[in-house]
K.L.:
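Pasting a structure here, questions to come.
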Amino acid sequence: MRQAQTLNEAQLRRVTQYCRSRRHPVRDETIVLFSFYAGLRAKEIAALKRGDVFDDQGAVRDQFILSAAQSKGGRTRTVYLNQRLRRALADYASALNLSDPKRPLFESQKGGHFSANTMCQLFLDIYRAVGLRDASSHSGRRTYITRLANKGVGVRLLAELAGHSHISTTQRYIDVNVEQLSAAVELL
């Protein structure tokens, strides 16, 4: 099976700009940003509840625990939210009723949780609309891991952030390109 495309900054900007033209612009952009800035799988994004990312006062958490039921492999893990994602969530919160922490963070057209398949389809629809034929719901996750690796984050930390049991799994996510290879030899 072919790996999902990793996106560069210009492609990510194109995706987020397109999201702003959709029927649910803030929701869709926040979903995409969760993929790129927290490295979550589509299944995990679909399973998020409001109480996972917002505290009792409605403030965005710095981190939260993804439960075993929400994650792949039945393991809990801590998800860390960077500043850009926290700002996006704060903007998104203004359109939400935060009084029920058990409600889905991202509601589908019918008002409930997205299914994992429907969330994957949302990503595919967005990527196809902007001309990214090799991108999938896993593109944000691969981009997240690759970008952190390119910034010098060690594979053991990456595995922990991604929720992988084995670093060999994480290593398969890291995309290598000509620019990286060229820069690597200049370190000598």
Side-chain angles (χ1 to χ4, degrees), residues 1-7 11-54 60-61 64-82 84-86 88-146 161-164 169 173:
M1 191 163 87
R2 222 161 82 191
Q3 292 208 340
Q5 175 183 355
T6 57
L7 275 61
Q11 290 167 321
L12 176 56
R13 263 194 314 277
R14 209 164 74 221
V15 167
T16 56
Q17 286 169 350
Y18 171 72
C19 286
R20 293 174 193 148
S21 72
R22 291 175 53 89
R23 185 172 181 194
H24 303 284
V26 180
R27 179 200 71 184
D28 292 353
E29 183 175 358
T30 307
I31 287 170
V32 166
L33 294 177
F34 245 111
S35 177
F36 281 87
Y37 291 109
L40 295 186
R41 298 171 177 94
K43 168 197 189 312
E44 296 166 340
I45 297 169
L48 290 174
K49 296 182 280 290
R50 294 172 191 194
D52 292 330
V53 298
F54 298 107
V60 178
R61 300 179 192 277
F64 65 92
I65 303 294
L66 196 62
S67 72
Q70 293 170 305
S71 68
K72 182 179 174 186
R75 293 185 25 204
T76 63
R77 82 170 186 273
T78 302
V79 176
Y80 297 88
L81 304 176
N82 71 10
R84 180 160 183 204
L85 183 53
R86 288 195 313 266
L89 282 164
D91 291 343
Y92 182 59
S94 64
L96 295 178
N97 175 356
L98 297 177
S99 64
D100 183 359
K102 295 192 184 323
R103 286 190 62 188
L105 179 61
F106 302 112
E107 290 186 346
S108 68
Q109 294 288 95
K110 297 176 184 170
H113 278 282
F114 275 84
S115 69
N117 286 339
T118 307
M119 185 61 74
C120 287
Q121 191 59 52
L122 176 88
F123 279 104
L124 286 176
D125 291 346
I126 291 169
Y127 292 143
R128 285 190 182 129
V130 297
L132 298 171
R133 300 286 172 240
D134 294 327
S136 75
S137 62
H138 236 53
S139 289
R141 185 168 168 77
R142 282 200 72 223
T143 302
Y144 170 79
I145 293 169
T146 296
L161 289 169
H164 292 151
T169 304
Y173 276 73

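Computation of the quantities below employed the complete heavy-atom set of this structure, encompassing side-chain atoms and omitting hydrogens, waters and symmetry-equivalent molecules.
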K.L.:
In the structure I gave you, are the side-chain heavy atoms of Phe54 and Leu89 within less than 4.5 Å of one another anywhere?
P.N.:
yes
K.L.:
Keeping the roles fixed (side chain from Arg103, backbone from Arg50), state whether a donor-acceptor pair exists under 3.5 Å.
P.N.:
no
K.L.:
Any heavy-atom pair between the side chains of Leu96 and Leu105 that's under 4.5 Å?
P.N.:
yes
K.L.:
How close do Ala4 and Ser136 get, counting heavy atoms only, and between which atoms?
P.N.:
CB-OG, 3.2 Å
K.L.:
Kindly say whether Leu40 contributes a backbone atom to a donor-acceptor pair with the side chain of Arg141 at under 3.5 angstrom?
P.N.:
no
K.L.:
Within the side chain of Ser139, is there an N or O that forms a donor-acceptor pair under 3.5 Å with the backbone of Gln5?
P.N.:
yes
K.L.:
Please report the closest heavy-atom contact between Ala93 and Leu98, naming both atoms and the distance.
P.N.:
CB-CD1, 4.2 Å
K.L.:
If you round to the nearest 0.5 Å, how far is OH of Tyr127 from CG of Leu122?
P.N.:
9.5 Å
K.L.:
Mind listing the closest non-hydrogen atom pair of Gln70 and Leu48 along with its distance?
P.N.:
NE2-CA, 3.8 Å
K.L.:
Would you compute the distance between atom OG of Ser71 and atom CD1 of Ile65 and round it to the nearest 0.5 angstrom?
P.N.:
11.0 Å
K.L.:
Say whether Gln109 and His24, considering side chains only, have a donor N or O and an acceptor N or O under 3.5 Å apart.
P.N.:
yes
K.L.:
Got a donor-acceptor contact below 3.5 angstrom from the Asp52 side chain to the Lys49 backbone?
P.N.:
yes
K.L.:
Can you find a heavy atom in the side chain of Phe34 that is under 4.5 Å from one in the side chain of Val53?
P.N.:
yes
K.L.:
Using side-chain heavy atoms (C-beta onward) and a distance below 4.5 Å, is Leu12 in contact with Val32?
P.N.:
yes
K.L.:
If we check salt bridge (charged side-chain N to carboxylate O under 4.0 Å, His left out) with Glu44, which of these qualifies: Lys72, Arg75, Arg77?
P.N.:
Arg77
K.L.:
With distance as the sole test, does Arg86 use its side chain to make a donor-acceptor pair with the main-chain N or O of Leu81 at under 3.5 Å?
P.N.:
yes
K.L.:
Could you verify whether a donor N or O on one side chain and an acceptor N or O on the other, from Gln121 and Asn117, lie under 3.5 Å apart?
P.N.:
no
K.L.:
Give me the atom names and distance for the closest heavy-atom approach of Thr76 to Ala68.
P.N.:
CG2-N, 3.5 Å
K.L.:
Please report the interatomic distance CZ(Arg14) to SG(Cys19), rounded to the nearest 0.5 Å.
P.N.:
12.5 Å
K.L.:
Rounded to the nearest 0.5 Å, what separates atom CD1 in Ile31 from atom CD1 in Ile126?
P.N.:
7.0 Å
K.L.:
Do you know which two heavy atoms are closest between Tyr37 and Leu85, and how far apart they sit?
P.N.:
CB-CB, 4.2 Å
K.L.:
Between Arg133 and Arg128 (side chain of the first, backbone of the second, donor and acceptor by atom type, cut-off under 3.5 Å), is there such a pair?
P.N.:
yes
K.L.:
Backbone N or O of Phe114 within a donor-acceptor pair of the Thr118 side chain at under 3.5 Å?
P.N.:
no
K.L.:
Would you call Glu29 and Arg20 a salt bridge, taking side-chain N to carboxylate O under 4.0 Å as the test?
P.N.:
yes
K.L.:
Ignoring hydrogens and angles, state whether a donor on the side chain of Asn97 or Ser99 is under 3.5 Å from an acceptor on the partner side chain.
P.N.:
yes
K.L.:
Please report the interatomic distance CG(Leu132) to CG(Leu124), rounded to the nearest 0.5 Å.
P.N.:
11.0 Å
K.L.:
How far apart are the closest heavy atoms of Tyr144 and Gly39, and which atoms are they?
P.N.:
CD2-CA, 3.4 Å
K.L.:
Side-chain contact test, heavy atoms from C-beta onward, threshold under 4.5 Å: evaluate it for Val15 versus Leu7 and give yes or no.
P.N.:
yes
K.L.:
Roughly how far, to the nearest 0.5 Å, is CZ of Arg41 from CG of Leu66?
P.N.:
8.5 Å
